[in-house]
*Asks:* 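The structure is given below, and queries will be raised subsequently.
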Amino acid sequence: MATLAICGGLPLAAHSGCPAPGEWWQAQLAISNSDLLAQAAQQQVVLLGEQHVVVDHHRWQLSTLAGLYALRDDMIIGLEMLPRSTQPVLDSWITGSLSEQELLEQTQWQEVWGFDPELYLPILHFARLHHIPLIALNITPALRQRLVEEGFENVPAEQRYHIPAPVPPDDSYKARLAEVFARHDTMDQDDPERLNRFIDAQLSWDVAMAHELANAAQNGTLAVGLMGMGHITYSEGVPHQLSGMNIERTFSLLPWEQQDCEVPDAYLADAVFILSPLPEEGPTRSQ
(Lines give C-alpha, C1' and ligand atoms only; values in the text may rest on other atoms or scores of the structure.)
Protein backbone atom coordinates (compact mmCIF):
# COMPACT_ATOMS: atom_id res chain seq x y z
CA MET A 1 0.00 0.00 0.00
CA ALA A 2 1.20 3.50 -0.70
CA THR A 3 2.44 5.61 2.21
CA LEU A 4 -0.31 7.63 3.84
CA ALA A 5 -0.15 11.36 3.35
CA ILE A 6 0.55 13.59 6.32
CA CYS A 7 -2.08 16.08 7.43
CA GLY A 8 -1.17 18.44 10.27
CA GLY A 9 1.69 16.19 11.41
CA LEU A 10 -0.52 13.08 11.65
CA PRO A 11 -1.31 10.39 9.12
CA LEU A 12 -4.31 11.39 7.04
CA ALA A 13 -6.16 8.38 8.45
CA ALA A 14 -5.86 9.81 11.96
CA HIS A 15 -7.49 13.15 11.26
CA SER A 16 -10.99 11.77 11.78
CA GLY A 17 -12.57 8.56 12.93
CA CYS A 18 -15.35 8.86 10.38
CA PRO A 19 -15.17 8.77 6.58
CA ALA A 20 -15.82 12.24 5.19
CA PRO A 21 -17.03 13.22 1.72
CA GLY A 22 -14.14 13.87 -0.66
CA GLU A 23 -11.83 11.27 0.91
CA TRP A 24 -10.46 8.04 -0.50
CA TRP A 25 -10.48 5.08 1.88
CA GLN A 26 -8.36 1.98 1.47
CA ALA A 27 -8.24 -0.96 3.90
CA GLN A 28 -10.41 1.09 6.28
CA LEU A 29 -7.95 3.98 6.36
CA ALA A 30 -8.08 7.35 4.64
CA ILE A 31 -5.48 7.78 1.90
CA SER A 32 -4.53 10.89 -0.02
CA ASN A 33 -5.81 11.45 -3.52
CA SER A 34 -2.28 11.63 -4.93
CA ASP A 35 -1.21 8.35 -3.33
CA LEU A 36 -4.35 6.57 -4.47
CA LEU A 37 -4.09 7.75 -8.07
CA ALA A 38 -0.38 6.90 -8.15
CA GLN A 39 -1.30 3.33 -7.21
CA ALA A 40 -4.08 3.15 -9.79
CA ALA A 41 -1.84 4.48 -12.56
CA GLN A 42 0.51 1.50 -12.12
CA GLN A 43 -2.19 -1.08 -12.86
CA GLN A 44 -3.08 -2.90 -16.06
CA VAL A 45 -6.82 -2.46 -15.59
CA VAL A 46 -8.74 -0.01 -13.39
CA LEU A 47 -12.46 -0.55 -12.84
CA LEU A 48 -14.70 2.37 -11.87
CA GLY A 49 -18.09 1.25 -10.57
CA GLU A 50 -21.38 3.10 -10.70
CA GLN A 51 -25.04 2.98 -9.93
CA HIS A 52 -26.32 3.99 -13.31
CA VAL A 53 -28.77 6.74 -12.32
CA VAL A 54 -26.71 8.45 -9.61
CA VAL A 55 -25.31 11.71 -10.96
CA ASP A 56 -22.47 11.97 -8.44
CA HIS A 57 -21.19 8.53 -9.42
CA HIS A 58 -20.60 9.76 -12.94
CA ARG A 59 -19.05 13.01 -11.71
CA TRP A 60 -16.69 10.95 -9.56
CA GLN A 61 -15.82 8.74 -12.53
CA LEU A 62 -15.01 11.80 -14.63
CA SER A 63 -12.79 13.36 -11.97
CA THR A 64 -10.97 10.04 -11.47
CA LEU A 65 -10.48 9.63 -15.21
CA ALA A 66 -8.98 13.12 -15.37
CA GLY A 67 -6.62 12.30 -12.49
CA LEU A 68 -5.51 9.06 -14.13
CA TYR A 69 -5.02 10.70 -17.51
CA ALA A 70 -2.73 13.27 -15.89
CA LEU A 71 -0.49 10.36 -14.93
CA ARG A 72 -0.97 8.04 -17.91
CA ASP A 73 -1.18 9.37 -21.46
CA ASP A 74 -1.63 5.81 -22.75
CA MET A 75 -5.16 5.31 -21.40
CA ILE A 76 -8.33 3.92 -22.92
CA ILE A 77 -11.86 4.09 -21.49
CA GLY A 78 -14.04 0.99 -21.75
CA LEU A 79 -17.82 1.31 -21.62
CA GLU A 80 -20.24 -1.32 -20.33
CA MET A 81 -23.00 0.79 -21.85
CA LEU A 82 -22.45 -0.20 -25.49
CA PRO A 83 -21.98 -3.49 -27.37
CA ARG A 84 -18.99 -4.17 -29.61
CA SER A 85 -21.02 -3.56 -32.76
CA THR A 86 -21.00 0.17 -31.94
CA GLN A 87 -17.20 0.46 -31.97
CA PRO A 88 -17.03 2.21 -35.37
CA VAL A 89 -19.44 4.84 -34.05
CA LEU A 90 -17.27 5.48 -30.98
CA ASP A 91 -14.22 5.80 -33.22
CA SER A 92 -16.02 8.40 -35.34
CA TRP A 93 -17.07 10.28 -32.20
CA ILE A 94 -13.46 10.53 -31.00
CA THR A 95 -12.34 11.98 -34.32
CA GLY A 96 -15.01 14.69 -34.06
CA SER A 97 -17.03 13.41 -37.00
CA LEU A 98 -20.32 13.08 -35.14
CA SER A 99 -22.64 15.35 -33.22
CA GLU A 100 -24.11 14.26 -29.90
CA GLN A 101 -27.40 13.45 -31.61
CA GLU A 102 -25.66 11.38 -34.26
CA LEU A 103 -23.70 9.51 -31.61
CA LEU A 104 -26.86 8.63 -29.70
CA GLU A 105 -28.76 7.66 -32.83
CA GLN A 106 -26.03 5.56 -34.38
CA THR A 107 -25.26 3.69 -31.15
CA GLN A 108 -29.01 3.25 -30.55
CA TRP A 109 -28.30 4.47 -27.04
CA GLN A 110 -31.88 4.38 -25.78
CA GLU A 111 -32.47 0.90 -27.16
CA VAL A 112 -29.24 -0.72 -25.99
CA TRP A 113 -28.69 1.14 -22.71
CA GLY A 114 -31.69 3.30 -21.90
CA PHE A 115 -30.25 5.38 -19.06
CA ASP A 116 -30.18 9.15 -19.52
CA PRO A 117 -27.29 9.99 -21.87
CA GLU A 118 -26.83 13.33 -20.06
CA LEU A 119 -25.25 11.32 -17.24
CA TYR A 120 -22.55 10.02 -19.59
CA LEU A 121 -22.00 12.81 -22.10
CA PRO A 122 -19.48 14.73 -19.95
CA ILE A 123 -17.28 11.60 -19.91
CA LEU A 124 -17.74 11.07 -23.64
CA HIS A 125 -16.80 14.70 -24.33
CA PHE A 126 -13.76 14.40 -22.05
CA ALA A 127 -12.57 11.42 -24.09
CA ARG A 128 -13.12 13.26 -27.37
CA LEU A 129 -11.41 16.44 -26.15
CA HIS A 130 -8.25 14.48 -25.32
CA HIS A 131 -8.60 11.87 -28.08
CA ILE A 132 -8.70 9.07 -25.53
CA PRO A 133 -9.98 5.90 -27.25
CA LEU A 134 -13.41 4.71 -26.16
CA ILE A 135 -13.91 0.94 -26.26
CA ALA A 136 -17.31 -0.79 -26.35
CA LEU A 137 -17.07 -3.63 -23.79
CA ASN A 138 -20.48 -5.23 -23.94
CA ILE A 139 -22.26 -7.77 -26.12
CA THR A 140 -25.88 -7.72 -27.24
CA PRO A 141 -28.55 -9.49 -25.17
CA ALA A 142 -29.12 -11.77 -28.17
CA LEU A 143 -25.51 -12.97 -28.17
CA ARG A 144 -25.54 -13.31 -24.39
CA GLN A 145 -28.65 -15.50 -24.62
CA ARG A 146 -27.08 -17.58 -27.36
CA LEU A 147 -23.94 -18.18 -25.31
CA VAL A 148 -26.06 -19.31 -22.36
CA GLU A 149 -28.32 -21.58 -24.39
CA GLU A 150 -25.75 -23.08 -26.78
CA GLY A 151 -22.57 -22.83 -24.72
CA PHE A 152 -19.43 -20.94 -25.66
CA GLU A 153 -17.85 -23.94 -27.35
CA ASN A 154 -20.80 -24.25 -29.74
CA VAL A 155 -20.79 -20.62 -30.92
CA PRO A 156 -18.11 -19.97 -33.57
CA ALA A 157 -15.26 -17.87 -32.20
CA GLU A 158 -15.68 -15.09 -34.74
CA GLN A 159 -19.38 -14.81 -33.88
CA ARG A 160 -18.59 -14.40 -30.17
CA TYR A 161 -15.68 -11.98 -30.75
CA HIS A 162 -13.29 -14.75 -29.61
CA ILE A 163 -14.54 -14.31 -26.04
CA PRO A 164 -13.47 -17.36 -23.98
CA ALA A 165 -15.74 -19.33 -21.70
CA PRO A 166 -15.89 -17.73 -18.24
CA VAL A 167 -13.84 -18.92 -15.31
CA PRO A 168 -16.15 -20.67 -12.78
CA PRO A 169 -17.36 -18.20 -10.14
CA ASP A 170 -16.67 -18.37 -6.44
CA ASP A 171 -19.50 -19.60 -4.22
CA SER A 172 -19.85 -16.12 -2.71
CA TYR A 173 -20.53 -14.58 -6.14
CA LYS A 174 -23.06 -17.27 -6.98
CA ALA A 175 -24.80 -16.60 -3.66
CA ARG A 176 -24.88 -12.85 -4.34
CA LEU A 177 -26.30 -13.40 -7.81
CA ALA A 178 -28.92 -15.73 -6.34
CA GLU A 179 -29.99 -12.90 -4.02
CA VAL A 180 -30.29 -10.52 -6.98
CA PHE A 181 -32.30 -13.13 -8.87
CA ALA A 182 -34.66 -13.58 -5.93
CA ARG A 183 -35.26 -9.82 -5.68
CA HIS A 184 -36.00 -9.27 -9.34
CA ASP A 185 -37.48 -12.50 -10.64
CA THR A 186 -40.79 -13.13 -8.90
CA MET A 187 -41.61 -16.17 -11.05
CA ASP A 188 -40.32 -19.69 -10.48
CA GLN A 189 -37.74 -18.65 -7.88
CA ASP A 190 -37.42 -22.28 -6.84
CA ASP A 191 -36.53 -23.36 -10.39
CA PRO A 192 -32.78 -24.16 -10.25
CA GLU A 193 -32.50 -24.18 -14.04
CA ARG A 194 -33.89 -20.66 -14.27
CA LEU A 195 -31.42 -19.49 -11.62
CA ASN A 196 -28.54 -21.23 -13.38
CA ARG A 197 -29.40 -19.51 -16.66
CA PHE A 198 -29.43 -16.16 -14.86
CA ILE A 199 -26.01 -16.83 -13.34
CA ASP A 200 -24.62 -18.02 -16.68
CA ALA A 201 -25.91 -14.85 -18.34
CA GLN A 202 -24.14 -12.70 -15.75
CA LEU A 203 -20.91 -14.66 -16.21
CA SER A 204 -21.15 -14.15 -19.97
CA TRP A 205 -21.55 -10.43 -19.34
CA ASP A 206 -18.58 -10.36 -16.98
CA VAL A 207 -16.24 -12.34 -19.21
CA ALA A 208 -17.14 -10.29 -22.30
CA MET A 209 -16.17 -7.05 -20.59
CA ALA A 210 -13.06 -8.59 -19.03
CA HIS A 211 -11.95 -9.95 -22.40
CA GLU A 212 -12.07 -6.58 -24.12
CA LEU A 213 -10.29 -4.84 -21.24
CA ALA A 214 -7.61 -7.54 -21.21
CA ASN A 215 -7.10 -7.10 -24.96
CA ALA A 216 -6.67 -3.35 -24.49
CA ALA A 217 -4.15 -3.86 -21.69
CA GLN A 218 -1.97 -6.32 -23.61
CA ASN A 219 0.31 -3.64 -25.09
CA GLY A 220 0.83 -1.83 -21.79
CA THR A 221 -2.10 0.56 -22.13
CA LEU A 222 -3.96 1.50 -18.95
CA ALA A 223 -7.46 0.14 -19.56
CA VAL A 224 -10.13 1.85 -17.44
CA GLY A 225 -13.55 0.23 -17.42
CA LEU A 226 -16.80 1.97 -16.46
CA MET A 227 -19.51 -0.43 -15.32
CA GLY A 228 -22.15 -1.21 -12.75
CA MET A 229 -20.91 -1.80 -9.22
CA GLY A 230 -22.27 -5.34 -9.15
CA HIS A 231 -19.69 -6.40 -11.73
CA ILE A 232 -16.85 -5.20 -9.50
CA THR A 233 -17.53 -5.59 -5.77
CA TYR A 234 -15.50 -8.01 -3.64
CA SER A 235 -13.16 -8.74 -6.60
CA GLU A 236 -15.86 -10.94 -8.08
CA GLY A 237 -17.41 -10.59 -11.52
CA VAL A 238 -15.07 -8.81 -13.91
CA PRO A 239 -11.98 -8.80 -11.63
CA HIS A 240 -12.29 -12.58 -11.24
CA GLN A 241 -12.54 -13.07 -15.00
CA LEU A 242 -9.55 -10.76 -15.58
CA SER A 243 -7.51 -12.88 -13.18
CA GLY A 244 -8.39 -15.92 -15.27
CA MET A 245 -6.95 -14.09 -18.30
CA ASN A 246 -3.61 -13.56 -16.54
CA ILE A 247 -4.20 -9.88 -15.85
CA GLU A 248 -2.24 -9.62 -12.63
CA ARG A 249 -2.78 -5.95 -11.76
CA THR A 250 -6.44 -4.98 -11.53
CA PHE A 251 -7.61 -2.10 -9.32
CA SER A 252 -11.29 -1.81 -8.39
CA LEU A 253 -12.58 1.58 -7.26
CA LEU A 254 -16.10 2.37 -6.08
CA PRO A 255 -18.08 5.40 -4.93
CA TRP A 256 -19.45 4.96 -1.43
CA GLU A 257 -22.12 7.10 0.20
CA GLN A 258 -21.33 8.28 3.72
CA GLN A 259 -23.56 6.55 6.29
CA ASP A 260 -23.22 8.05 9.77
CA CYS A 261 -19.78 6.95 10.96
CA GLU A 262 -19.75 3.59 9.22
CA VAL A 263 -16.37 2.59 7.78
CA PRO A 264 -16.36 0.96 4.32
CA ASP A 265 -15.84 -2.79 4.18
CA ALA A 266 -12.13 -3.35 3.51
CA TYR A 267 -12.93 -6.14 1.03
CA LEU A 268 -15.54 -4.23 -0.97
CA ALA A 269 -12.96 -2.84 -3.42
CA ASP A 270 -9.31 -1.85 -3.56
CA ALA A 271 -10.44 1.64 -2.51
CA VAL A 272 -13.62 3.67 -2.23
CA PHE A 273 -14.33 7.37 -2.65
CA ILE A 274 -16.61 8.88 -0.01
CA LEU A 275 -19.64 10.80 -1.27
CA SER A 276 -22.25 12.77 0.63
CA PRO A 277 -25.38 10.76 1.45
CA LEU A 278 -27.90 10.54 -1.37
CA PRO A 279 -31.18 12.43 -0.92
CA GLU A 280 -34.12 10.30 0.06
CA GLU A 281 -35.98 11.19 -3.10
CA GLY A 282 -35.15 12.74 -6.44
CA PRO A 283 -33.46 11.96 -9.74
CA THR A 284 -30.12 11.02 -8.19
CA ARG A 285 -31.54 8.17 -6.11
CA SER A 286 -30.35 4.80 -7.42
CA GLN A 287 -32.79 2.18 -8.58
Side-chain angles (χ1 to χ4, degrees), residues 44-45 47 76-95 98 103-115 133-170 173-174 177-178 180-181 184-185 188 191-228 230-232 235-248 250:
Q44 293 171 283
V45 175
L47 303 175
I76 68 97
I77 301 172
L79 304 173
E80 175 195 8
M81 302 82 215
L82 296 173
R84 283 164 168 73
S85 57
T86 64
Q87 188 59 54
V89 184
L90 291 178
D91 294 342
S92 295
W93 167 258
I94 290 299
T95 64
L98 301 178
L103 171 70
L104 299 178
E105 289 175 353
Q106 293 183 29
T107 58
Q108 297 183 296
W109 182 277
Q110 291 299 340
E111 292 81 4
V112 302
W113 189 238
F115 294 100
L134 289 170
I135 307 296
L137 300 180
N138 218 328
I139 55 177
T140 63
L143 177 56
R144 194 155 57 240
Q145 182 177 358
R146 187 180 175 195
L147 292 172
V148 170
E149 293 179 352
E150 300 180 24
F152 278 74
E153 67 281 358
N154 296 317
V155 177
E158 63 276 8
Q159 294 181 21
R160 56 179 161 88
Y161 301 96
H162 297 273
I163 299 167
V167 176
D170 293 337
Y173 190 43
K174 291 174 67 175
L177 290 177
V180 174
F181 175 78
H184 294 282
D185 194 322
D188 300 323
D191 182 352
E193 285 302 315
R194 191 177 178 90
L195 172 60
N196 287 337
R197 287 195 298 272
F198 173 78
I199 291 174
D200 287 345
Q202 296 302 306
L203 294 177
S204 299
W205 200 337
D206 290 337
V207 75
M209 293 194 289
H211 178 253
E212 197 69 0
L213 288 167
N215 285 343
Q218 287 300 324
N219 61 358
T221 299
L222 176 62
V224 184
L226 310 184
M227 62 191 63
H231 294 288
I232 297 175
S235 296
E236 298 166 336
V238 172
H240 182 64
Q241 297 302 324
L242 284 166
S243 178
M245 297 172 188
N246 298 316
I247 297 297
E248 299 177 351
T250 298

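These numbers come from the heavy atoms of this one structure, side chains and all, not from hydrogens, waters or symmetry mates. Note that this is a predicted model, so its numbers are computed, not measured.
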*Asks:* Run the side-chain hydrogen bond (donor to acceptor under 3.5 Å, both in side chains) test against Arg146 and tell me which residues pass, sequence neighbours left out.
*Replies:* Glu150, Gln159
*Asks:* Under the 3.5 angstrom rule, does the side chain of Asn138 hit a backbone N or O of Glu80 as a donor-acceptor pair?
*Replies:*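 Yes, Asn138 side chain to Glu80 backbone: donor-acceptor pair under 3.5 Å.
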*Asks:* How far apart are the closest heavy atoms of Pro166 and Phe152, and which atoms are they?
*Replies:*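 Smallest interatomic distance, heavy atoms only, reads CD-CE1, 3.4 Å.
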*Asks:* Could you tell me if the side chain of Leu143 sits less than 4.5 Å from the side chain of Tyr161, heavy atoms only?
*Replies:*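 In short, these two side chains touch, coming nearer than 4.5 Å.
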*Asks:* By side-chain contact (heavy atoms from CB on, under 4.5 Å), which residues pair with Gln110, not counting sequence neighbours?
*Replies:*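 With sequence neighbours excluded, Gln110 shows a side-chain contact (heavy atoms from CB on, under 4.5 Å) to Pro117, given in chain and number order.
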*Asks:* Are side-chain heavy atoms of Thr250 and Leu47 found at a separation under 4.5 Å?
*Replies:*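 Yes, side chains in contact.
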*Asks:* Between Pro169 and Leu203, is there a side-chain heavy-atom distance shorter than 4.5 Å?
*Replies:* yes
*Asks:* Could you walk me through whether Phe198 and Val180 pass side chain to side chain contact (heavy atoms under 4.5 Å, CB included), step by step?
*Replies:* CA-CA 10 Å; Phe198 173 78; Val180 174; 4.0 Å; yes
*Asks:* Any salt bridge (Lys or Arg N to Asp or Glu O under 4.0 Å) involving residues 201-210? Give me the pairs, sequence neighbours left out, ordered by first then second residue.
*Replies:*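 The answer is none; no pair qualifies.
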*Asks:* Tell me, please, which residues at least two apart from Arg144 pass salt bridge (charged side-chain N to carboxylate O under 4.0 Å, His left out).
*Replies:*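 Residues passing salt bridge (charged side-chain N to carboxylate O under 4.0 Å, His left out) with Arg144: none at all.
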*Asks:* My understanding is that only residues two or more places apart in sequence, or in another chain, count here; which of them pass side-chain contact (heavy atoms from CB on, under 4.5 Å) with Glu193?
*Replies:* Asp191, Asn196, Arg197
*Asks:* Compile the donor-acceptor pairs under 3.5 Å between side chains in residues 240-248 and protein atoms, sequence neighbours left out, one pair per line.
*Replies:*
from: His240; atom 1: NE2; to: Pro168; atom 2: O; distance (Å): 2.8
from: Gln241; atom 1: OE1; to: Val167; atom 2: N; distance (Å): 2.8
from: Gln241; atom 1: NE2; to: Val167; atom 2: O; distance (Å): 3.0

*Asks:* Looking at every heavy atom in both Ile232 and Pro239, which two are closest together, and how far apart are they?
*Replies:* O-CG, 3.8 Å
*Asks:* Would you please name every residue forming a salt bridge (charged side-chain N to carboxylate O under 4.0 Å, His left out) with Glu236, sequence neighbours left out?
*Replies:*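 In terms of salt bridge (charged side-chain N to carboxylate O under 4.0 Å, His left out), with neighbours along the sequence ignored, Glu236 is linked to Arg176.
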*Asks:* As an exercise, state the distance from OG of Ser204 to CD1 of Ile199, rounded to the nearest 0.5 Å.
*Replies:* 12.0 Å
*Asks:* Between Trp113 (side chain) and Gln108 (backbone), is there a donor-acceptor pair under 3.5 Å?
*Replies:*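 Looks like no, no N/O pair under 3.5 Å.
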*Asks:* Of all residues at least two apart in sequence or in a different chain, which pass the salt bridge (charged side-chain N to carboxylate O under 4.0 Å, His left out) check with Glu149?
*Replies:* none
*Asks:* Applying side chain to side chain contact (heavy atoms under 4.5 Å, CB included) between Leu82 and each of Val89, Leu90, Leu134, report the one that passes.
*Replies:*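 By the side chain to side chain contact (heavy atoms under 4.5 Å, CB included) criterion, Leu82 pairs with just one of Val89, Leu90, Leu134: Leu90.
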*Asks:* Can you list the residues that meet the side-chain contact (heavy atoms from CB on, under 4.5 Å) rule with Ala223, with sequence neighbours excluded?
*Replies:*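 Partners of Ala223 under the side-chain contact (heavy atoms from CB on, under 4.5 Å) test: Val45, Ile76, Leu213, Ala216, Ala217.
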*Asks:* If you define the side chain from C-beta out and look only at heavy atoms, does anything of Trp93 sit under 4.5 Å from Gln106?
*Replies:*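 Counting from C-beta outward, Trp93 and Gln106 never come under 4.5 Å.
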*Asks:* Partners of Thr221 by side-chain hydrogen bond (donor to acceptor under 3.5 Å, both in side chains), sequence neighbours excluded?
*Replies:* Asn219
*Asks:* Would you check if Ile139 and Leu147 make a side-chain contact, meaning some heavy-atom pair closer than 4.5 Å?
*Replies:* yes
*Asks:* For Arg84, what residues pass the salt bridge (charged side-chain N to carboxylate O under 4.0 Å, His left out) criterion, not counting sequence neighbours?
*Replies:*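 Counting only residues at least two positions away or on another chain, Arg84 forms a salt bridge (charged side-chain N to carboxylate O under 4.0 Å, His left out) with Glu212.
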*Asks:* Are Met81 and Leu226 side-chain neighbours, meaning at least one heavy-atom pair lies under 4.5 Å?
*Replies:*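 Yes; the side chains approach each other to less than 4.5 Å.
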*Asks:* Can you list everything that forms a side-chain hydrogen bond (donor to acceptor under 3.5 Å, both in side chains) with Asp91? Sequence neighbours excluded, please.
*Replies:*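 Scan of Asp91 (side-chain hydrogen bond (donor to acceptor under 3.5 Å, both in side chains), adjacent residues dropped) gives Gln87.
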*Asks:* Between Leu222 and Gln44, is the side chain to side chain contact (heavy atoms under 4.5 Å, CB included) condition met? List the steps.
*Replies:* CA-CA 5 Å; Leu222 176 62; Gln44 293 171 283; over 6 Å; no
